[in-house]
Amino acid sequence: KKSSIDFFVSEIIEVGVNTYQLRLFPSLEIPLNEIIPGQFVEVLVPDKSVFLRRPISVCDIDPDNGWFDLLIAPVGPGTRSICGVSAGDCLNIILPLGNGFDQECAGVRPLLVGGGVGTAPMLYFARKLSENRIQADILLGGRTQNHILLKKRFEAFGHLCITTDDGSLGEKGLVTAHSVWDDEHSACFVCGPTPMMKAVSAICEEKKLPCYVSLENKMACGIGACLCCVQDTKEHGNVCVCTDGPVFLSSEIKW
Ligand code: FES
């Protein structure tokens, strides 16, 4: 059940080029372990002139220690204001929202692909899969080594593969060119910039590999009221990414 809760910021650190990790503790006890990887939250912007909450993917959760992490790229007034918080500050957050990834669809050897802040939901997903003894291949792509986020933390939960545009880390090129694609996988899960998701979904179609995309359409209300997040799909026409998604089978999407 979704609720609006105040969270205390315990730390905010820069984890890559223009990307910050916020570690948050809820002000009251909530069942954090019921949150599904791929779900998102809506953060109230501290700057009161920014009216709309910002949708942010859940990056990681440690229910034993009671924290959860968000990854935020300060790209507009809302996200810049959120990244301006300090340890000890409070943020009001509505959670959990959206459908998330279905672990039952992962099979024995899933491939998780992330780019930019789209890397975020893959960390919590990899953690949950490894709790169920599934070692995922995790493929992260970025412009340079400084654009690859949370490398060490991913290594704890799966087999990490990296591509960078400039070859400063991992294999040189785009994620679609990485040699891990030569291996057999049971399903693919992807989140990142739209051209990346589209290219990954094309490879999966060719390989007849089920591919699930977590769309990052612009959102405003986050509750299916404003229709600014609509996505055209093959079978169901226009759907709301905020309430019907953000995760869809890629073969359903009209790219
Ligand atoms: Fe308003 Fe989806 S964000 S309907």
Is there a path of hydrophobic side-chain contacts, each under 4.5 Å between heavy atoms of I, L, V, M, F, W or Y residues, that connects [X] with [Y]?
{"X": "Y124", "Y": "L32", "result": "yes"}
{"X": "L52", "Y": "I72", "result": "no"}
{"X": "I134", "Y": "I138", "result": "yes"}
{"X": "I35", "Y": "M122", "result": "no"}
{"X": "W255", "Y": "F248", "result": "yes"}

Salt bridge between [X] and [Y], side-chain N to carboxylate O under 4.0 Å?
{"X": "R109", "Y": "D183", "answer": "yes"}
{"X": "D166", "Y": "K172", "answer": "no"}
{"X": "R153", "Y": "D69", "answer": "yes"}

When you measure from the side chain of [X] to the backbone N and O of [Y], does any donor-acceptor pair fall under 3.5 Å?
{"X": "S130", "Y": "R133", "result": "no"}
{"X": "S81", "Y": "P77", "result": "no"}
{"X": "T176", "Y": "V200", "result": "no"}

Nearest 0.5 Å, what's the [atom1]-[atom2] distance between [X] and [Y]?
{"X": "R80", "Y": "N18", "atom1": "CZ", "atom2": "CG", "answer": "9.0 Å"}
{"X": "I56", "Y": "L95", "atom1": "CD1", "atom2": "CG", "answer": "13.0 Å"}
{"X": "C90", "Y": "I5", "atom1": "SG", "atom2": "CD1", "answer": "11.0 Å"}
{"X": "I82", "Y": "D89", "atom1": "CD1", "atom2": "CG", "answer": "12.5 Å"}
{"X": "C59", "Y": "L71", "atom1": "SG", "atom2": "CG", "answer": "4.0 Å"}
{"X": "C161", "Y": "H178", "atom1": "SG", "atom2": "NE2", "answer": "4.5 Å"}

Compare all side-chain heavy atoms of [X] with those of [Y] and state whether any distance is below 4.5 angstrom.
{"X": "V113", "Y": "M196", "result": "yes"}
{"X": "P37", "Y": "Q39", "result": "no"}
{"X": "C240", "Y": "L227", "result": "yes"}
{"X": "P110", "Y": "L129", "result": "yes"}
{"X": "E216", "Y": "T194", "result": "no"}
{"X": "S3", "Y": "I94", "result": "no"}
{"X": "M219", "Y": "V241", "result": "yes"}
{"X": "V17", "Y": "T19", "result": "no"}

*Under the side-chain contact (heavy atoms from CB on, under 4.5 Å) rule, what do F157 and Q135 come out as? Steps first, then yes or no, please.*
CA-CA 7 Å; F157 299 126; Q135 274 270 315; over 6 Å; no
Donor-acceptor side-chain pairing of [X] and [Y] below 3.5 angstrom:
{"X": "S179", "Y": "E171", "result": "yes"}
{"X": "T144", "Y": "D165", "result": "no"}
{"X": "Q103", "Y": "N132", "result": "yes"}

Mind listing the closest non-hydrogen atom pair of [X] and [Y] along with its distance?
{"X": "A187", "Y": "C105", "answer": "CB-O, 3.3 Å"}
{"X": "M197", "Y": "S214", "answer": "SD-O, 3.4 Å"}
{"X": "L44", "Y": "L91", "answer": "O-CD2, 4.0 Å"}
{"X": "L169", "Y": "T164", "answer": "O-OG1, 2.7 Å"}
{"X": "E42", "Y": "P55", "answer": "OE2-CB, 3.4 Å"}
{"X": "G224", "Y": "T243", "answer": "N-CG2, 3.6 Å"}

Return yes when atom [atom1] of [X] has more than 12 non-hydrogen atoms of other residues, nucleotides or ligands closer than 6.0 Å, and no otherwise.
{"X": "E14", "atom1": "CD", "result": "yes"}
{"X": "K152", "atom1": "NZ", "result": "no"}
{"X": "K207", "atom1": "NZ", "result": "yes"}
{"X": "E155", "atom1": "CD", "result": "yes"}

*asked:* I want to know whether F125 and F101 have ring centres closer than 6.0 Å.
replied: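 Under 6.0 Å, so yes.
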*Under 6.0 Å between the ring centres of F68 and F7?*
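Close enough - the centres of the two rings lie under 6.0 Å apart.
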*asked:* Working note: R53 + V45, criterion side-chain contact (heavy atoms from CB on, under 4.5 Å); need CA distance, chi angles, decisive distance, verdict.
replied: CA-CA 6 Å; R53 287 174 181 257; V45 177; 5.9 Å; no
*Run the side-chain contact (heavy atoms from CB on, under 4.5 Å) check on L123 and D60 step by step: do they pass?*
CA-CA 6 Å; L123 182 60; D60 197 14; 3.8 Å; yes
*Can you list the steps and then say if Y212 with F189 is a ring pair (Phe, Tyr, Trp, His ring centres under 6.0 Å)?*
CA-CA 5 Å; Y212 300 86; F189 298 84; 5.1 Å; yes
_Criterion side-chain contact (heavy atoms from CB on, under 4.5 Å) on L112 and L139, from CA distance to verdict_ = CA-CA 6 Å; L112 318 187; L139 173 57; over 6 Å; no
